[in-house]
There are 2 protein chains.
Amino acid sequence: MTGFSASTVSRVLNDKGEQYRISTRTTKKILKAAADYNYYPNRIARGLRLERTETIGFVVPDIANPYFSSIAKTIEVESRKRGYSIFLCDSLDDISTEKELLNLLAGRRVDGIILAPVGIDSGHVTDFRRRGIPIIIIDRYLPDSGIPYVTSDNYSGARQAVEYIISMGHRDIACIQGLNGISLNSDRVRGYMDSLVKIGIKAEKSLIVGDDFGEECGYIQARLLLGRKTRPTAIFALSNLISLGVMRATAEMGLKIPDDISLVSFDEQPYSALLASPMTTVEQSINEIARIAVNMLFDTIAGGNKEGRIKNIMLRPSLIIRSSVKNLLA
Amino acid sequence: MTGFSASTVSRVLNDKGEQYRISTRTTKKILKAAADYNYYPNRIARGLRLERTETIGFVVPDIANPYFSSIAKTIEVESRKRGYSIFLCDSLDDISTEKELLNLLAGRRVDGIILAPVGIDSGHVTDFRRRGIPIIIIDRYLPDSGIPYVTSDNYSGARQAVEYIISMGHRDIACIQGLNGISLNSDRVRGYMDSLVKIGIKAEKSLIVGDDFGEECGYIQARLLLGRKTRPTAIFALSNLISLGVMRATAEMGLKIPDDISLVSFDEQPYSALLASPMTTVEQSINEIARIAVNMLFDTIAGGNKEGRIKNIMLRPSLIIRSSVKNLLA
DNA sequence: CTGTTAGCGCGTTCAT
DNA sequence: ATGAACGCGCTAACAG
């Protein structure tokens with residue numbers, strides 16, 4: 001439209017006018033025409049030519065979980081600042097779907113992937129990594145996979161929670177856990193047990209129950225625990241959904257928190273402070289985790305993070321103390 | 001690798017072997033090689049050639065809001081069934097960001113867009129539509145824009161809620177609203193007022209307060225309402241966040257729901273049933289909204305929905321009755 | 001300071 | 001039943 005060649009237009013629109021010493025008059029003409037005709041370059045053609053699409057894949061087990069959607073927001077905003085768009089992929093907590101999604105993203109030639117992996121088995125992820133697409137793992141980590149990760153220090157979070165419960169005079173503390181075997185869960189359980197050992201109590205096996213991070217698990221296990229002859233005085237719930245289940249169970253059984261049973265939960269939520277008994281929670285710095293993961297990914301994409309310079313990061317969570325734990329010493 | 005030309009491989013991999021009468025032996029060889037070498041076609045090159053990328057854009061004001069992340073999940077899953085991936089875009093509730101995102105998506109040559117628009121002004125959306133990229137609007141609608149939408153029937157939802165409150169004997173019912181001027185809000189307020197008119201009460205202006213869907217708005221307005229000499233007996237909150245704010249205010253003031261004040265809220269949440277006083281809510285069929293929107297979009301992409309065949313859809317929400325409204329007639 | 005050429009990987013048309 | 005040639009829109013290399 002301007003009479004100039006595509007090359008010249010391309011150079012101007014990519015801010016290389018100066019480098020190629022395009023005349024100011026030409027530059028202005030081209031920029032004006034681009035604005036007038038509302039021209040936006042075809043990113044598909046660009047991606048093909050550059051072998052760089054300026055897109056990243058974000059794979060999560062469940063985007064409807066507020067925990068992951070908060071992370072999604074940070075990742076999207078941070079990525080866009082750099083001109084990147086993100087493909088949202090929900091693995092439905094299913095490992096074969098996750099595998100399929102990784103292949104799909106490879107076919108779409110994403111420049112990198114942020115993955116919150118589903119399970120324990122990481123074979124397909126390490127396999128996948130050989131294709132050369134940078135991956136950063138968040139939330140959980142895959143031991144010995146050599147893939148860089150950013151997570152919370154779940155061990156520390158658990159210790160803070162349980163040591164606080166102990167400091168309030170509790171000794172019979174139950175732990176309702178999630179999916180056994182994954183790093184996130186075992187780190188939390190280890191923190192729970194070590195806190196007890198520290199004051200000379202051996203963690204009783206019968207007090208560690210549950211096998212799923214969902215609400216139903218919390219409900220069922222709470223009913224069982226509270227139905228025992230000698231019931232624990234406190235419950236440590238390893239996820240936001242588990243504690244919802246616990247609260248439903250206690251309400252149904254006519255028990256009050258913290259009068260009849262104390263409760264501390266992993267994962268701060270918008271409603272945590274607003275419950276009948278404002279809940280003491282372990283808050284993870286999810287925005288920080290997301291931000292760091294994105295930065296690590298872009299470093300790797302830029303080539304600044306070659307093989308061998310793997311950096312793993314664990315962020316310390318903090319305990320938000322409210323009034324869901326009864327003080328037995330008072 | 002197989003010795004066959006790219007053309008033949010392409011035909012086999014796109015299931016056109018039969019059409020081109022490729023021999024069974026060749027087909028098998030190619031499929032085997034593709035599997036062995038873990039070959040996935042370059043979707044970028046494909047998109048360039050076909051002028052169809054099999055991607056759609058999903059633009060929301062805030063992906064961290066569980067309401068939108070639930071919708072995102074359905075859209076992602078439904079799209080993937082058809083081989084499509086979605087670009088997640090967060091407009092940060094900012095209209096100029098929304099505008100910029102639409103241009104970005106156009107540059108990425110998405111085949112269609114699902115948009116939960118930020119505000120009242122829809123000029124940029126109608127402008128954008130002239131580029132020929134199909135758009136479906138959800139959550140809110142843009143009156144007179146001629147763009148097809150799928151939303152809840154907010155008027156009906158409000159009537160159900162308020163008529164229920166009335167049926168429990170309440171007459172002094174306050175309404176804490178969100179962003180004034182958008183269809184979603186005004187429809188709900190209209191439903192509230194009409195319900196009162198129906199029983200011969202003129203809606204009092206002083207009982208309709210608030211200007212934002214956030215938690216802070218609910219908190220402030222609740223404190224003001226409950227601090228009045230003659231306080232209302234019930235509050236109708238027009239969003240999940242507003243009702244969180246109301247609950248925080250009542251807790252701080254030492255008031256009990258429903259004994260001291262009754263409450264009904266828009267938007268069912270996972271915790272709604274688990275609050276100290278399980279909350280009566282208006283539940284929108286968000287999964288259904290998302291599913292219908294996706295289907296409409298794919299119809300349009302497939303060309304089955306030419307100009308003029310615009311179809312707007314409103315889904316009736318349902319009232320989930322729990323125990324946050326006191327029965328004054330008992 | 002600007003234009004011409006070539007090629008990214010694919011699917012399609014034409015040719016055989 | 002299969003291959004060769006072409007072009008989608010872009011940018012980097014080369015040419016002047």
Residues A:Glu54, A:Arg46: salt bridge by 4.0 Å N-O rule: yes
More than 12 heavy atoms from other groups under 6.0 Å of CD on A:Glu18: no
Close side-chain approach of A:Ile137 to A:Pro117, heavy-atom, < 4.5 Å: yes
Sugar-phosphate, base or nothing in reach of A:Ser5, heavy atoms under 4.0 Å: base
Flag for B:Arg43-B:Thr53: side-chain donor and acceptor within less than 3.5 Å: no
Pair B:Phe87 + A:Phe87: ring centers closer than 6.0 Å: yes
Sugar-phosphate only, base, or nothing, as touched by B:Gly3 at under 4.0 Å among non-hydrogen atoms: sugar-phosphate
Test: B:Lys73 and B:Glu76 ion pair at under 4.0 Å: no
Under 4.0 Å protein heavy-atom contacts per nucleotide of nucleotides 7-13 of chain C, with B for base, S for backbone only and - for none: BBBBBBB
For chain A, the stretch of DNA chain D it reaches, first to last nucleotide, under 4.0 Å of its heavy atoms: D:dG9 to D:dA13
Rounded distance [0.5 Å steps], OG in A:Ser23 versus NZ in A:Lys29: 8.0 Å
Between C1' of C:dT2 and NZ of A:Lys29, the distance in whole Å: 13 Å
Any residue meeting salt bridge (charged side-chain N to carboxylate O under 4.0 Å, His left out) with A:Asp127, in chain and number order, not counting sequence neighbours: A:Arg130
